[in-house]
Amino acid sequence: MGKEPVRVLVTGAAGQIGYALVPMIARGVMLGPDQPVILHMLDIPPAAEALNGVKMELVDAAFPLLKGVVATTDVVEGCTGVNIAIMVGGFPRKEGMERKDVMSKNVSIYKSQASALEQHAAANCKVLVVANPANTNALILKEFAPSIPEKNITCLTRLDHNRALGQISERLNVQVSDVKNAIIWGNHSSTQYPDVNHATVKTPSGEKPVRELVADDAWLHGEFIATVQQRGAAIIKARKLSSALSAASSACDHIRDWVLGTPEGTWVSMGVYSDGSYNVPSGLIYSFPVTCRNGEWTIVQGLSIDELSRKKLDLTAEELTEEKALAYSCLS
Amino acid sequence: MLEGLDSFEKKSTRNCVFISLVFEKMEYLVLLQNGLVVLLTIAFSWKLITYMWGSLKMEKEPMKVLVTGAAGQIGYAIAPMIARGIMLGPDQPVILHLLDIAPAAEALKGVKMELLDAAFPLLKEVHATTDVTEACKDVNIAIMLGGFPRKEGMERKDMMSKNVPIYKEQASALEEHAASDCKVLVVANPANTNALILKEFAPSIPEKNITCLTRLDHNRALSQIAERLKVYVTDVKNVIIWGNHSSSQYPDANHATVATTNGERPVKELDTNDHWLKNEFINTVQQRGAAIIKARKASSALSAASAACDHMHDWVLGTPKGTWVSMGVYSDGSYEIPKDIIYSFPVKCEKGKWSIVKGLKIDEFSRAKMDATAKDLIDEKEVAHSCLN
């Protein structure tokens with residue numbers, strides 16, 4: 001008749017990204033047009049009314065694939081039986097806040113959510129952390145949910161990946177769907193390294209390297225990187241709000257490719273638990289190029305890394321190591 | 001065979017046989033050759049045909065979709081839905097035209113940036129502008145979200161006087177610059193009357209092409225029944241929203257059905273509490289907008305955007321068999337509703353055209369409600385026209 005519904009948890013669901021994300025999930029953008037879903041929406045008590053409003057709207061939209069909605073402020077109820085968890089909730093950085101302050105607030109949140117997920121989520125639950133600092137929040141989650149397979153805990157760098165593709169497509173005046181295989185290395189922060197050394201563009205005469213077509217290494221090593229790194233700030237400047245639409249859309253892409261597989265010959269960027277590939281320290285959540293198949297991601301191995309890239313890969317790894325130390329200091 | 005012949009005859013016969021054999025062989029060879037040529041031609045033509053077919057099937061021509069008021073809440077919700085193919089189908093490329101007023105230019109730019117950042121495969125171009133002419137150019141579909149919102153303490157006349165000039169201006173722009181056969185959906189309130197003004201000031205746009213959104217109320221009605229009967233919303237169909245997208249709308253479940261294990265049954269039969277259908281159900285649907293505002297401290301954007309996609313999707317791609325939907329359309333006098341207003345009726349859609357479902361029985365209760373909302377629309381029309389003088 002129809003597939004069994006999949007339970008998808010969205011934390012921080014009453015916020016901006018949640019509001020953009022839930023209709024996408026309910027329409028099948030995340031898991032496919034034939035996959036029924038049951039949404040679990042979680043937020044903190046001050047947001048309970050707003051959360052109920054979102055639930056009402058989801059009901060009002062009469063989505064064919066949406067088989068149920070659970071709107072709750074109780075983390076146990078939120079996590080029970082979920083197959084997919086999108087962690088949008090976190091403590092946002094306020095003006096004047098030090099990094100340590102943001103870190104300490106988020107570390108406690110992710111520690112408690114880790115326990116709840118470990119105890120109540122379905123086996124093999126796939127987790128995507130979006131809330132910043134995404135990589136380190138994901139790392140804390142991993143460390144306090146030891147029975148969740150480490151391969152199942154990831155963070156979002158697909159937004160930066162998609163931004164990189166968009167910038168190249170604008171530069172070359174081609175369709176974004178003709179550009180592929182950019183890489184975002186490292187931390188979803190301003191030290192991320194957007195790398196198009198292995199990216200290609202589909203042309204009438206076959207696939208050509210981006211580097212060759214752009215023919216402007218200075219731009220690729222300078223403005224291109226800066227634009228992608230700082231795009232989040234540019235959106236805030238224009239909208240007076242942070243990117244919700246594109247973040248939500250990228251979260252859907254991240255999960256969809258993870259669950260349904262990447263297209264042949266294409267890789268994507270995901271923040272995943274490092275196994276030491278490319279001389280990146282293990283024990284961090286670090287963004288790598290990955291392909292996905294049968295619900296599992298695999299790091300693309302054997303890509304050549306030039307000197308410039310090496311420096312950048314190491315710089316962002318360093319930042320992540322520092323963040324990890326800072327996070328741990330908050331736990332003591 | 002050759003025994004009874006003399007040597008010359010033998011030779012010539014042998015030669016003849018030889019030659020005929022050669023000829024036979026040649027015939028075979030020619031046959032073979034011809035055969036090969038035919039085969040090769042077929043193979044080549046096949047490759048040519050499949051290549052041409054492949055490049056024909058490559059991609060549809062993009063459709064141009066205008067969204068006015070695109071920097072606002074509903075715009076932010078609807079833009080990714082359109083870009084993902086929810087409005088026009090997963091294989092229909094789109095070009096988005098986003099329009100808003102000058103004060104919103106920066107925010108509009110931010111939306112355009114995000115649409116680029118999302119790397120949507122179907123989104124071929126985005127034009128973000130504050131110039132109405134540029135925005136309307138060659139558009140096939142126009143979703144009018146922009147309008148003057150009702151502020152606290154505003155009278156109906158005030159709201160009308162602000163919106164009438166907006167829709168008059170946009171009517172001219174659409175008429176002059178949109179593609180012929182452009183399909184228009186007005187969402188901004190007062191939706192029905194804004195659509196009517198648009199129709200009156202764009203006389204060369206076919207009147208059938210100007211509609212307003214009542215699909216949101218229709219979807220709300222379906223889900224209220226689904227909740228009441230504890231079924232999935234996909235099992236409920238054929239409610240009707242009659243009239244004005246306002247508190248005078250009439251949500252009618254008299255002809256609605258539910259899919260059960262015993263086949264399709266009328267909703268009325270399964271929910272014997274006529275009282276609920278005639279009272280609470282109607283009130284809940286009529287006032288749902290206010291309930292959302294109370295909970296969210298903002299009006300419904302997510303569900304409005306989704307319903308707008310449904311409205312346009314079904315209009316362009318057709319309603320499922322046996323199912324109708326509600327659309328605010330130019331009244332032709334059906335069901336004794338006055339002509340010359342935009343009134344929500346039950347419609348089916350096929351080949352890009354809607355048609356009112358005829359012949360449904362209207363009881364006394366319904367008749368009164370349908371007339372009340374028609375009167376509401378006549379009143380609005382008068383207020384709107386008075387603003388034009």
Side-chain angles (χ1 to χ4, degrees), chain A residues 14 16 19-20 22-24 26-29 33 36 48-68 158-167 169-170 175-177 179 228 231 234-241 243-250 252-253, chain B residues 71 73 76-77 79-81 83-86 90 93 105-125 215-224 226-227 232-234 236 285 288 291-298 300-307 309-310:
Chain A
Q16 253 224 111
Y19 197 62
V22 294
M24 294 180 185
R27 280 281 188 189
V29 174
E49 267 251 48
L51 192 66
N52 193 36
V54 183
K55 177 177 177 176
M56 285 162 76
E57 285 213 69
L58 285 169
V59 166
D60 288 354
F63 291 114
L65 289 174
L66 190 58
K67 296 306 175 189
R158 182 59 174 270
L159 178 52
D160 313 281
H161 180 102
N162 286 348
R163 284 169 172 166
L165 295 178
Q167 290 302 309
S169 75
E170 272 208 325
Q175 292 299 325
V176 72
S177 43
V179 187
V228 176
R231 189 65 159 185
I235 302 290
I236 292 178
K237 188 162 174 279
R239 292 195 64 231
K240 309 290 178 277
L241 289 164
S243 23
L245 184 163
S246 46
S249 187
S250 303
C252 289
D253 290 340
Chain B
Q73 257 223 109
Y76 198 62
M81 293 180 185
R84 281 282 186 190
I86 288 163
E106 268 289 307
L108 193 65
K109 185 159 167 263
V111 181
K112 178 177 174 175
M113 286 162 75
E114 284 213 68
L115 287 169
L116 175 69
D117 289 353
F120 292 114
L122 288 175
L123 188 57
K124 297 304 170 188
E125 275 168 50
R215 183 59 174 270
L216 178 51
D217 314 281
H218 180 102
N219 287 349
R220 285 169 171 166
L222 292 175
S223 57
Q224 287 302 310
E227 279 202 330
Y232 289 128
V233 73
T234 36
V236 186
V285 176
R288 190 65 160 186
I292 302 290
I293 292 178
K294 188 161 174 281
R296 292 195 64 232
K297 309 289 177 283
S300 22
L302 184 162
S303 46
S306 189
C309 288
D310 290 341

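Every chain is numbered from 1 and lettered A, B, ... according to where its sequence line falls, protein lines coming before strand lines. Values reported hereafter were calculated over all heavy atoms of this structure, with side chains retained and with hydrogens, waters and symmetry mates removed.
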With sequence neighbours left out, the residues meeting side-chain hydrogen bond (donor to acceptor under 3.5 Å, both in side chains) with B:E114 are A:S246, B:Y76
So which part of B:I86 gets closer than 4.5 Å to some heavy atom of chain A, the side chain, the backbone, both or neither? side chain
Which region of B:E227, side chain (C-beta onward) or backbone (N, CA, C, O), has a non-hydrogen atom less than 4.5 Å from a non-hydrogen atom of chain A, or is it both or neither? side chain
Do you know which of A:A14, A:C252, A:A244 has the most heavy-atom pairs with chain B at a distance under 4.5 angstrom? A:A244
Identify which of B:M81, B:K124, B:K109 forms the greatest number of heavy-atom pairs closer than 4.5 Å to chain A. B:K124
Under the side-chain hydrogen bond (donor to acceptor under 3.5 Å, both in side chains) test, which residues partner A:R231, sequence neighbours left out? B:D117
Out of A:V29, A:V54, A:D60, return the one with the most heavy atom pairs under 4.5 angstrom to chain B. A:D60
Between A:S169 and B:L116, which heavy-atom pair has the shortest distance, and what is it? OG-CD1, 4.2 Å
Heavy-atom cut-off 4.5 Å, strictly under: side chain, backbone, both or neither for B:A301 against chain A? both
Checking B:L123 against chain A: side chain, backbone, both or neither under 4.5 Å from a heavy atom? backbone
Taking B:A77, B:P80, B:P121 one by one, which has the highest count of heavy-atom pairs under 4.5 Å against chain A? B:P80
Taking side chain as everything from C-beta outward and backbone as N, CA, C, O, which of these in A:V228 sits under 4.5 Å from a heavy atom of chain B? Side chain, backbone, both or neither. neither
Is B:A291 in contact with chain A via its backbone, its side chain, both, or neither, using a 4.5 Å heavy-atom distance? both
Closest approach of A:Y19 and B:L302, non-hydrogen atoms and distance? OH-N, 2.9 Å
Specify the closest pair of heavy atoms between B:D310 and A:A61, including all atoms of both residues, with the distance to one decimal. OD2-O, 4.2 Å
